[in-house]
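Along the sequence shown, residues carry numbers from 1. Excluded from the calculations below are hydrogen atoms, water molecules and symmetry mates; all remaining heavy atoms, backbone and side chain alike, are included.
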Amino acid sequence: MSPGAPQFEVASVLREVKTVRVEGLVRIRELHVPLLRRAAAAHSAAVTDAWPVEVENLLRTAVSRLGGGDLEQAAGYSLGLAPGLRDRPAADRRRLAAQVYSVSVERFRKSQEEMVLAQIAEQVCWLAGVAPQRAATPRPPLLAPHLQHRFLRVGSREVLLHVHPVELLRNVDVIVSPTNTHLSLPAMFKASVSASLRRAGAVRGAAGDVTADPVHDALLDWRTANGLLGRPALPGTVAPTEPGALAARGVRRLYHAAVAVPRPGTNDYDVAAQDVATAAARALALLSEERAAFTPPLRSICFPLLGAGRGGLPPQTGVSALWAALDAGTAPGTDLHLVVRRPLVADLLAETLGARERPPSAHASAETEEKGHRCG
């Protein structure tokens with residue numbers, strides 16, 4: 001948070017929640033809601049420019065945590081989150097919320113409404129992982145925030161945290177790609193980590209058109225060889241493939257980690273923290289199994305936040321489960337990397353892990369330069 005920026009506190013978030021209540025979900029893009037935008041960025045690792053959708057999803061999650069009953073129902077009506085209400089006028093939504101408590105609209109406005117909206121604001125602060133009235137540590141401005149690298153020490157381990165799109169990684173031997181239990185890759189134009197890696201791994205002609213889709217094809221071959229055509233893999237399964245065109249960036253393997261379980265009849269997924277830990281441990285074991293088959297041996301591996309996109313796993317939960325596996329299962333001589341797209345998520349990750357940040361030493365900088373910027 002820069003000097004002079006508003007503090008992330010419940011009262012300030014409440015003012016923005018009230019603004020959404022008045023203007024409605026369909027006008028979020030026109031609203032000045034910087035705290036809700038920051039909270040949404042911290043809560044979600046989804047890669048998208050559609051921030052109003054992220055804010056709406058954050059509010060839906062906050063309302064879902066109110067425990068059901070009249071409070072949750074009135075909150076859904078107030079913000080237009082209930083089915084069929086997103087474009088209804090504020091007066092209509094307030095009237096429906098008042099009916100939940102069997103009071104007049106004026107009585108609801110003066111009493112219950114403040115309580116309902118304040119509860120939403122409390123949940124937003126909790127979901128963002130930012131304690132009320134706690135200012136973030138000021139950070140120096142970034143000349144290239146999309147290519148930021150942060151050297152972290154977590155306990156006795158060191159990890160290089162990349163803060164940029166996953167497809168910009170260079171000279172990392174293995175990149176772990178989260179996917180669903182059907183091991184079915186999304187279309188290249190999607191915004192997920194797995195779509196980005198599929199896109200970056202595609203072979204293109206002189207005009208930029210895709211002439212081959214090697215990551216998709218290799219994963220299909222792996223499913224066929226392992227009897228997984230037409231049925232899902234167990235959560236935590238990891239499928240290794242060649243990296244396609246990413247080989248030109250020094251990437252030698254992709255490990256597709258099946259952590260997202262589709263919900264039947266919906267476009268949504270469920271991700272369990274235990275499955276994240278299982279997949280991470282399996283990826284490390286696979287790295288050890290394959291290490292000697294390559295020249296030079298595989299040494300470095302990079303993990304995104306597994307399940308924190310459409311899987312909906314909060315970043316704090318995801319990184320805690322991920323790190324538990326990495327701390328317990330990383331073999332000596334393995335270089336650990338993490339990658340997130342946003343500086344706000346990077347801050348949250350470092351805070352959750354209790355990481356200490358250090359500048360790269362002169363020796364480390366010289367070694368990185370000698371290896372052709374091996375870490376990124």
Side-chain angles (χ1 to χ4, degrees), residues 44-50 162 164-169 172-205 208-249 251-272 275-276 278-280 282-283 286-287 290 301-313 318 322 339-341:
S44 171
V47 181
T48 172
D49 293 326
H162 303 257
H164 56 64
V166 67
E167 61 267 32
L168 297 184
L169 286 166
V172 177
D173 292 329
V174 177
I175 302 176
V176 178
S177 177
T179 189
N180 55 70
T181 51
H182 289 270
L183 298 170
S184 176
L185 295 181
M188 290 187 192
F189 59 82
K190 296 290 187 178
S192 64
V193 169
S194 55
S196 297
L197 291 173
R198 177 183 182 182
R199 183 169 60 246
V203 177
R204 298 178 183 273
D209 53 315
V210 174
T211 59
D213 192 2
V215 176
H216 169 272
D217 295 344
L219 188 55
L220 182 61
D221 290 343
W222 190 92
R223 291 166 57 198
T224 302
N226 287 271
L228 289 173
L229 285 180
R231 67 181 183 88
L234 292 174
T237 296
V238 176
T241 69
E242 297 299 318
L246 281 165
R249 288 181 167 269
V251 178
R252 296 197 280 169
R253 295 293 268 171
L254 294 180
Y255 287 175
H256 304 269
V259 294
V261 180
R263 295 181 191 171
T266 75
N267 292 320
D268 300 321
Y269 297 88
D270 291 313
V271 177
D275 294 337
V276 168
T278 299
R282 178 57 188 147
L286 188 58
L287 176 68
E290 293 194 328
I301 185 168
C302 186
F303 291 83
L305 291 183
L306 303 178
R310 286 188 59 198
L313 198 66
L322 176 63
V339 60
V340 297
R341 190 180 181 100

Visitor: Taking atom CD1 of I175 and atom NE2 of H256, what is their separation to the nearest 0.5 Å?
Guide: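 Result: 10.5 Å between the selected atoms.
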
Visitor: Looking at V215 and P243, what are the two nearest heavy atoms and their distance?
Guide: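 Reported closest heavy-atom pair: CG2-O, 3.8 Å.
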
Visitor: Under 3.5 Å, side chain of R198 to main-chain N/O of P186, donor-acceptor pair present?
Guide: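 Checked: pair present.
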
Visitor: A side-chain contact here means heavy atoms from C-beta on lying under 4.5 Å apart; do E290 and V174 qualify?
Guide: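 Side chain of E290 against side chain of V174, heavy atoms only: no contact under 4.5 Å found.
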
Visitor: Drop me the distance from E167's CD to R199's CZ, to the nearest 0.5 angstrom.
Guide: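 So the gap between those two atoms works out to 5.5 Å.
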
Visitor: I need the minimum non-hydrogen distance between V238 and Y255, along with the two atoms involved.
Guide: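 Of all heavy-atom pairs spanning V238 and Y255, the closest is CG1-CB, 3.6 Å.
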
Visitor: Drop me the distance from R223's CZ to H182's NE2, to the nearest 0.5 angstrom.
Guide: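 The NE2 atom of H182 is 9.0 Å from CZ of R223, to the nearest 0.5 Å.
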
Visitor: Quickly, which of V276, L306, V261, N180 forms a side-chain contact (heavy atoms from CB on, under 4.5 Å) with V271? Name it, please.
Guide: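 Result: among V276, L306, V261, N180, V276 is the only option passing the side-chain contact (heavy atoms from CB on, under 4.5 Å) with V271.
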
Visitor: Are R253 and I301 side-chain neighbours, meaning at least one heavy-atom pair lies under 4.5 Å?
Guide: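 The answer is no; the side chains never approach within 4.5 Å.
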
Visitor: Compare all side-chain heavy atoms of V203 with those of P214 and state whether any distance is below 4.5 angstrom.
Guide: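 When only atoms from C-beta onward are counted, P214 and V203 do touch, with a gap below 4.5 Å.
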
Visitor: Do Y269 and V259 touch side chain to side chain, with heavy atoms closer than 4.5 Å?
Guide: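 With C-beta onward as the side chain, the pair stays apart.
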
Visitor: Are V193 and P304 packed together at the side-chain level, in the sense that at least one heavy-atom pair is separated by less than 4.5 angstrom?
Guide: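 Yes, side chains in contact.
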
Visitor: Compare all side-chain heavy atoms of L220 with those of L229 and state whether any distance is below 4.5 angstrom.
Guide: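 Yes, their side chains come closer than 4.5 Å.
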
Visitor: Counting C-beta onward and ignoring hydrogens, is there a side-chain heavy-atom pair between H164 and L169 closer than 4.5 Å?
Guide: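 Sidechains of L169 and H164: in contact.
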
Visitor: Nearest heavy-atom pair of A187 and A195: which atoms, and what distance?
Guide: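 Scanning both residues completely, I find the closest heavy atoms to be O-CB, 3.4 Å.
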
Visitor: Provide the closest heavy-atom pair for A212 versus V210 in the form atom of the first, atom of the second, distance.
Guide: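 For A212 versus V210, the nearest heavy atoms are O-CG1, 3.4 Å.
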
Visitor: Measuring from R341:CZ to L168:CG, what's the distance to the nearest 0.5 Å?
Guide: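 Reported to 0.5 Å precision, the distance equals 8.0 Å.
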
Visitor: Using a 4.5 Å cut-off on heavy atoms from C-beta on, say whether the side chain of T237 contacts that of T181.
Guide: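 Contact flag for T181/T237 side chains = no.
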
Visitor: Ignoring hydrogens, what is the shortest heavy-atom contact between T278 and G236? Give both atom names and the distance.
Guide: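 What the structure gives for the nearest pair is CG2-CA, 4.1 Å.
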
Visitor: How many angstroms lie between atom CZ of R204 and atom OG1 of T211, to the nearest 0.5 angstrom?
Guide: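 So the gap between those two atoms works out to 9.0 Å.
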
Visitor: Measure the NE2-OG distance between H216 and S184 for me, rounded to the nearest 0.5 Å.
Guide: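 Rounded to the nearest 0.5 Å, the NE2-OG separation comes to 7.0 Å.
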
